[in-house]
2 protein chains.
Amino acid sequence: MAELDQIRERFILHWGEMGSLWGINRTMAQAHALLFISPKPLSANEIMEELQISRGNVSMALRELIAWGIASRVHVKGERREYYTTEKDVWTMFRVIARERKKREVDPTINVLRDSVTELNKMPSAEGQYEREQLQNLLDFFETGVNVYKQLEAQNPNSILKLLGTVLRIKNIAF
Amino acid sequence: MAELDQIRERFILHWGEMGSLWGINRTMAQAHALLFISPKPLSANEIMEELQISRGNVSMALRELIAWGIASRVHVKGERREYYTTEKDVWTMFRVIARERKKREVDPTINVLRDSVTELNKMPSAEGQYEREQLQNLLDFFETGVNVYKQLEAQNPNSILKLLGTVLRIKNIAF
DNA sequence: CCAAGTGTTCAGAAGTTACTGAAATAATTG
DNA sequence: CAATTATTTCAGTAACTTCTGAACACTTGG
């Protein structure tokens, strides 16, 4: 049992570190890891205890996870307090994260690039030539990415696997 | 000309913000943006001036960019000081970034997951059942990702585009 | 309608990361 | 080889982010 706890803890700590590298705060990532490997929904108190953090911090981390769409409140019958759980299917979880990151990061970037290119196109042709090209290339890259994303978004996890399988097979033939 | 500067600045600031969200420090991302849209290599002095940051900060940001493999020193003939430039091809740039992030983030995660699953498999079968399943799923996900990455890594930018094209077409037939 | 349990918010404290500027080091040149 | 210029390093500080804990709000059971 101590063994199991140790493995859980290692995973939780690691996931927390990864979160930091990804611009997600450590506690939030840890709470996510904890919910992800817990067979049952947990109460705020249990999370508090497991992660050794304050009540307020738990409340904020859960709020954020819910805002991201990867955790949710669960009512347990006959229980007064709220319980929390997280998306358990890995593919769905990453799809949700991808959607959110696209919205927060990619879409605004595309807007900036599009506006910039439009502005640059209005300018005397000699000026800002190089800048125009580079920003256009970046824009094309992001737009291609968004197209691929949109196609994948519509698939269920199994279809995605099949598609990936196809890509890999094609590659093997071609090279 | 003021117009052009304004567009450059907007892009640089935005790229800096994106960097922060991605766990890359703002200055580093700004320096990268600046080099990316500059037709010619820039000296540390010029970067300092453009971004209004200290000499030391420029030095550190460049060191990091070089460590990531997306910027490099350039010797300009007859010039004493060093000049710096960045990978100008967008696809190559993202390939380099992907390789680096895989090394820093994905590989260590896979190691943790693999070890954890191995440990859990040694335990009495009833214990840690759920944890085992969840970590195994996560591991499978990352391993699939790495496989896809490895296939794509070997391609030149054009092949990647073709592959993506194929994927999108297949999708249209299947749905 | 009070006491106990739960959840939220937020000001300030603690912790972390980024930046400056000065000193050290290195490279170049007359 | 001394003077000049360029670059790196790093201690200390500034800026920013996260976390705590106390105040408040709400619910429920007695």
Side-chain angles (χ1 to χ4, degrees), chain A residues 12-13 15-35 40-68 71-86 104-105, chain B residues 12-13 15-35 40-68 71-86 104-105:
Chain A
I12 291 169
L13 293 180
W15 206 241
E17 289 312 311
M18 285 306 100
S20 314
L21 292 179
W22 267 69
I24 283 161
N25 101 41
R26 214 175 51 239
T27 304
M28 198 179 143
Q30 287 182 355
H32 175 252
L34 174 58
L35 291 174
K40 291 181 189 158
L42 301 177
S43 68
N45 273 337
E46 289 167 312
I47 296 171
M48 229 173 118
E49 185 132 326
E50 280 259 20
L51 305 181
Q52 295 290 338
I53 56 178
S54 72
R55 179 172 288 285
N57 199 3
V58 170
S59 178
M60 289 187 297
L62 289 171
R63 172 160 29 117
E64 271 289 286
L65 285 172
I66 291 168
W68 271 78
S72 54
R73 255 176 262 276
V74 177
H75 283 289
V76 174
K77 264 200 273 187
E79 275 282 2
R80 189 161 154 192
R81 68 184 89 167
E82 300 277 7
Y83 282 76
Y84 299 88
T85 190
T86 194
R104 297 179 185 207
E105 297 159 25
Chain B
I12 290 167
L13 293 180
W15 205 241
E17 290 311 311
M18 285 305 100
S20 313
L21 291 179
W22 267 67
I24 284 161
N25 101 42
R26 212 174 54 241
T27 304
M28 197 179 144
Q30 287 182 356
H32 175 253
L34 174 57
L35 291 173
K40 290 181 191 162
L42 301 178
S43 69
N45 271 339
E46 288 167 312
I47 296 171
M48 226 174 119
E49 185 132 327
E50 280 259 22
L51 305 181
Q52 296 290 336
I53 56 177
S54 73
R55 181 169 288 287
N57 200 2
V58 170
S59 178
M60 289 186 298
L62 289 171
R63 172 163 25 120
E64 271 289 285
L65 285 172
I66 291 169
W68 271 77
S72 53
R73 257 175 261 273
V74 176
H75 283 289
V76 175
K77 263 199 270 186
E79 274 283 2
R80 189 159 154 190
R81 69 181 88 167
E82 299 278 6
Y83 281 74
Y84 299 88
T85 190
T86 195
R104 298 179 184 207
E105 297 158 25

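Small disclaimer: the values here were computed from a predicted structure and weren't measured. In what follows, every chain begins at residue 1, and chains take the letters A, B, ... in the order their sequences are listed.
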Give the rounded distance in Å between these two atoms: [atom1] of [X] and [atom2] of [N].
| X | N | atom1 | atom2 | answer |
| --- | --- | --- | --- | --- |
| Met48(B) | dA6(D) | CE | P | 11 Å |
| Met60(A) | dT8(C) | CE | P | 11 Å |
| Ile47(B) | dT8(D) | CD1 | P | 11 Å |
| Arg26(A) | dA14(C) | CZ | C1' | 12 Å |
| Gln52(B) | dC19(C) | CD | C1' | 14 Å |
| Asn25(B) | dA15(D) | CG | P | 16 Å |
| Leu51(A) | dT20(D) | CG | C1' | 15 Å |
| Arg55(A) | dC26(D) | CZ | C1' | 14 Å |

Would you kindly check whether a donor in the side chain of Arg80(B) faces an acceptor in the base of dT4(D), or vice versa, at under 3.5 angstrom?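 Yes, a donor-acceptor pair under 3.5 Å.
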In terms of the nearest nucleotide of DNA chain D, which residue is placed more toward the 5' end: Ser59(B) or Asn57(A)?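 That would be Ser59(B).
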Going by distance alone, is a donor N or O of one side chain under 3.5 Å from an acceptor N or O of the other, for Glu46(A) and Ser43(A)?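 Distance-only check passes for Glu46(A) and Ser43(A).
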Do the side-chain N and O atoms of Tyr83(A) and Arg73(A) include a donor-acceptor pair separated by under 3.5 angstrom?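 Short answer, no.
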At less than 4.0 Å, is any side-chain N or O atom of [X] found next to OP1 or OP2 of [N]? Yes or no.
| X | N | result |
| --- | --- | --- |
| Arg81(A) | dT6(C) | yes |
| Ser43(B) | dA6(D) | no |
| Asn45(B) | dT5(D) | no |

Distance from Arg26(A) atom CZ to Leu13(A) atom CG, nearest 0.5 Å?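 Those atoms lie 9.0 Å apart.
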Flag this pair as yes if the NZ/CZ of Arg104(A) is under 6.0 angstrom from the six-membered ring centre of Trp68(A) and inside a 45 degree cone about the axis; otherwise no.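 So Arg104(A) does make the cation-pi contact.
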How about Ile47(B) and Leu35(B): do any of their side-chain heavy atoms sit closer than 4.5 Å?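 Yes, at least one pair of side-chain atoms sits under 4.5 Å.
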Closest listed nucleotide, where the reference is the side chain of Ile53(A) and the choices are dT9(C), dG7(C), dT20(D):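 Shortest atom-to-atom distance from the side chain points to dT20(D).
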